[in-house]
S.K.: 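My questions all concern the structure below.
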There are 2 protein chains.
Amino acid sequence: MNNLISIKSATLSEDIAQQLTHAIVQGHIPQGSKISEPELAKQYGVSRGPLREAIVKLEGLGLVTRTANVGARVIQLNTQDMLDTFTMREALEGMAARLAATTMPADEISSLYALLDKHQAHLDANQDEHYVQQGGNDDFHLRIIHASGNVKLIRLLTEELYAVIRMYRRHTADHRSDPRQALREHKAILDAIANHEGDLAELLMRRHISRASQLLAQAMHQATSATSR
Amino acid sequence: MNNLISIKSATLSEDIAQQLTHAIVQGHIPQGSKISEPELAKQYGVSRGPLREAIVKLEGLGLVTRTANVGARVIQLNTQDMLDTFTMREALEGMAARLAATTMPADEISSLYALLDKHQAHLDANQDEHYVQQGGNDDFHLRIIHASGNVKLIRLLTEELYAVIRMYRRHTADHRSDPRQALREHKAILDAIANHEGDLAELLMRRHISRASQLLAQAMHQATSATSR
DNA sequence: TCAAGTCAGATTGTCGACAATATTGGGTTT
DNA sequence: AAACCCAATATTGTCGACAATCTGACTTGA
């Protein structure tokens with residue numbers, strides 16, 4: 001198995017951590033599976049030292065759980081954890097939207113309006129197919145977060161929490177019932193930010209995320225009841 | 001130098017991580033100082049392996065920053081980072097208070113009222129000296145957080161963020177201008193929770209933390225301008 | 001038949017040594 | 001005197017080997 005993405009980092013352990021994160025988020029390493037240090041070390045062609053460091057980092061990201069003398073396991077997504085995570089996200093991204101309403105520069109606002117137009121055009125041209133914007137510069141949520149200007153908040157959301165959030169969003173994308181509704185909500189949030197209405201921006205962002213989590217919970221519930229049948 | 005607290009963990013690296021965290025939060029290892037792996041390894045009587053693992057964990061906690069091929073440094077507290085951190089805390093603990101308003105059981109509520117009475121009595125008996133409640137079971141904020149029932153939120157606040165928050169609170173405690181005001185605010189928050197008023201509980205918790213951060217910012221500003229004089 | 005105990009195999013935790021990179025101090029040049 | 005270069009030194013990154021612990025199958029006895 002070869003690594004599709006191979007950005008040379010300064011240190012092996014960083015490399016491995018990135019590759020492992022990608023592999024887990026994309027589902028190449030299945031949920032709940034055990035992480036075998038000797039096996040992965042051989043696979044990536046490194047010794048166990050850097051690999052262990054990478055695993056410790058993944059534990060910090062909440063992608064694996066470690067038990068002493070037993071080893072690491074990839075987390076298993078489940079509805080309750082998802083709801084808990086999205087509640088946190090609601091609080092944090094809500095705050096980010098509030099802050100963005102006072103700090104976002106005018107040109108970034110217009111740039112975001114352009115982005116939403118692009119999304120709109122994509123929906124029109126592709127029979128409402130969901131626009132894949134995972135993590136890239138076209139990710140509306142990431143743009144808002146960065147506009148908050150709060151370094152700590154940005155770091156927490158984009159570096160520590162977003163790996164797990166992305167895993168859940170991968171599911172959302174498949175089961176999203178109405179991408180146009182999401183786009184409308186994005187537009188409303190951006191309007192509030194453009195008008196410097198922090199309270200409103202926060203409220204709308206919260207509702208937007210809350211709604212997404214409810215849709216996702218439904219989808220996950222259906223999925224589990226289907227497999228258990 | 002001996003370790004005051006020595007709770008035997010299953011693994012050395014956990015031990016070291018805990019001891020280092022304590023040492024940094026308590027200021028035994030000064031801010032901004034470099035972490036020398038050989039030195040600390042000798043000091044704690046372990047090899048560099050587990051020590052490095054501990055450092056990686058501390059990096060995840062935001063207590064140190066690491067640079068490839070250079071090493072780790074203890075973070076340096078400064079006003080901007082503090083404000084950023086407390087803004088996050090505002091969002092998260094505000095949410096915790098909101099959740100607690102619907103999930104906190106009646107006996108825990110009475111127990112918390114008793115705790116506040118105890119704090120009141122302490123203030124009456126000790127000429128308004130600030131009651132030290134760092135991290136223990138008498139910590140009002142921690143009790144609220146746990147009452148939220150959101151596992152992810154609890155983990156984030158108590159395990160990942162609280163180390164840094166405690167470092168800042170250590171300063172607050174010294175410069176707290178009016179502990180009775182803080183107590184009044186705690187009481188108001190608890191009242192809102194007891195009445196199951198989630199909106200109000202969140203609002204009050206946010207104001208409470210915001211006020212604390214402003215006081216702390218003032219204190220830190222005075223401290224820096226004093227030393228630079 | 002089943003439960004408890006035992007033992008081999010495999011995996012994780014820890015260590016000491018080597019390689020790669022950064023830091024330093026002295027010396028040289030302009 | 002200041003700036004630059006280079007070598008010596010120290011520190012971090014990586015590796016392979018050993019020790020401690022867990023896992024699972026087999027044996028044994030009730």
Side-chain angles (χ1 to χ4, degrees), chain A residues 1-3 5-21 23-24 29-76, chain B residues 1-3 6-21 23-24 29-76 159:
Chain A
M1 189 216 278
N2 253 331
N3 27 322
I5 303 172
S6 63
I7 306 153
K8 284 270 152 43
S9 297
T11 152
L12 277 183
S13 114
E14 277 177 45
D15 257 344
I16 307 292
Q18 271 191 308
Q19 293 189 36
L20 278 182
T21 301
I24 291 177
I29 304 180
Q31 292 177 33
S33 65
K34 186 166 182 332
I35 301 277
S36 163
E37 293 183 7
E39 188 187 322
L40 279 188
K42 206 174 68 181
Q43 205 166 39
Y44 286 104
V46 297
S47 96
R48 278 180 52 222
L51 188 89
R52 276 178 70 87
E53 242 179 64
I55 293 178
V56 172
K57 285 180 192 165
L58 290 211
E59 187 188 20
L61 295 181
L63 288 177
V64 304
T65 57
R66 263 165 35 112
T67 327
N69 294 314
V70 174
R73 270 190 182 287
V74 178
I75 56 160
Q76 182 95 31
Chain B
M1 189 216 279
N2 254 330
N3 27 323
S6 64
I7 306 153
K8 284 268 152 45
S9 298
T11 152
L12 276 183
S13 113
E14 278 177 45
D15 257 343
I16 307 293
Q18 271 192 307
Q19 293 189 36
L20 278 182
T21 301
I24 291 177
I29 304 180
Q31 292 175 34
S33 65
K34 185 165 182 332
I35 301 278
S36 162
E37 293 183 8
E39 188 187 322
L40 279 188
K42 206 174 69 181
Q43 204 165 39
Y44 286 104
V46 298
S47 97
R48 277 179 52 221
L51 187 90
R52 275 178 71 87
E53 243 178 63
I55 293 178
V56 172
K57 285 179 192 166
L58 290 211
E59 187 188 20
L61 295 181
L63 288 177
V64 304
T65 57
R66 262 165 35 112
T67 328
N69 294 314
V70 174
R73 268 189 184 287
V74 178
I75 56 161
Q76 182 95 29
E159 290 177 29

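Hydrogens, waters and symmetry mates are skipped; everything else that's a heavy atom, side chains included, is used. Residue numbering restarts at 1 for every chain, and letters A, B, ... go by the order of the sequence lines.
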S.K.: Is there side-chain contact between B/I24 and B/I75, with at least one heavy-atom pair below 4.5 Å?
M.R.: no
S.K.: Starting at CD of A/E39 and ending at C1' of C/dT12, how long is that distance when rounded to a whole Å?
M.R.: 15 Å
S.K.: Extract all donor-acceptor atom pairs below 3.5 Å that involve side chains of residues 58-65 of chain A and protein atoms in other chains or at least two apart in sequence.
M.R.:
{"residue": "A/E59", "atom": "OE1", "partner": "A/R66", "partner atom": "NE", "Å": "3.4"}

S.K.: Report yes or no: do A/K57 and A/S13 form a side-chain donor-acceptor pair below 3.5 Å?
M.R.: yes
S.K.: Any side-chain N or O of A/K34 under 4.0 Å from OP1/OP2 of C/dA10?
M.R.: no
S.K.: Does B/I16 reach a base, just sugar-phosphate, or nothing at all? Heavy atoms under 4.0 Å.
M.R.: nothing
S.K.: For a 4.5 angstrom cut-off between non-hydrogen side-chain atoms, does B/Y44 reach B/D15?
M.R.: no
S.K.: Starting at the 5' end of nucleotides 13-18 of chain C, put B wherever the base has a protein heavy atom under 4.0 Å, S where only the sugar-phosphate does, and a dash everywhere else.
M.R.: BBB-B-
S.K.: With a 6.0 Å cut-off (strictly less than), is the heavy-atom count around NZ of A/K42, excluding the residue itself, greater than 12?
M.R.: no
S.K.: A/I35 near the nucleic acid: base, sugar-phosphate alone, or nothing, with a heavy-atom cut-off under 4.0 Å?
M.R.: sugar-phosphate
S.K.: Could you tell me whether the side chain of B/I55 reaches within less than 4.5 Å of the side chain of B/L40, counting heavy atoms only?
M.R.: no
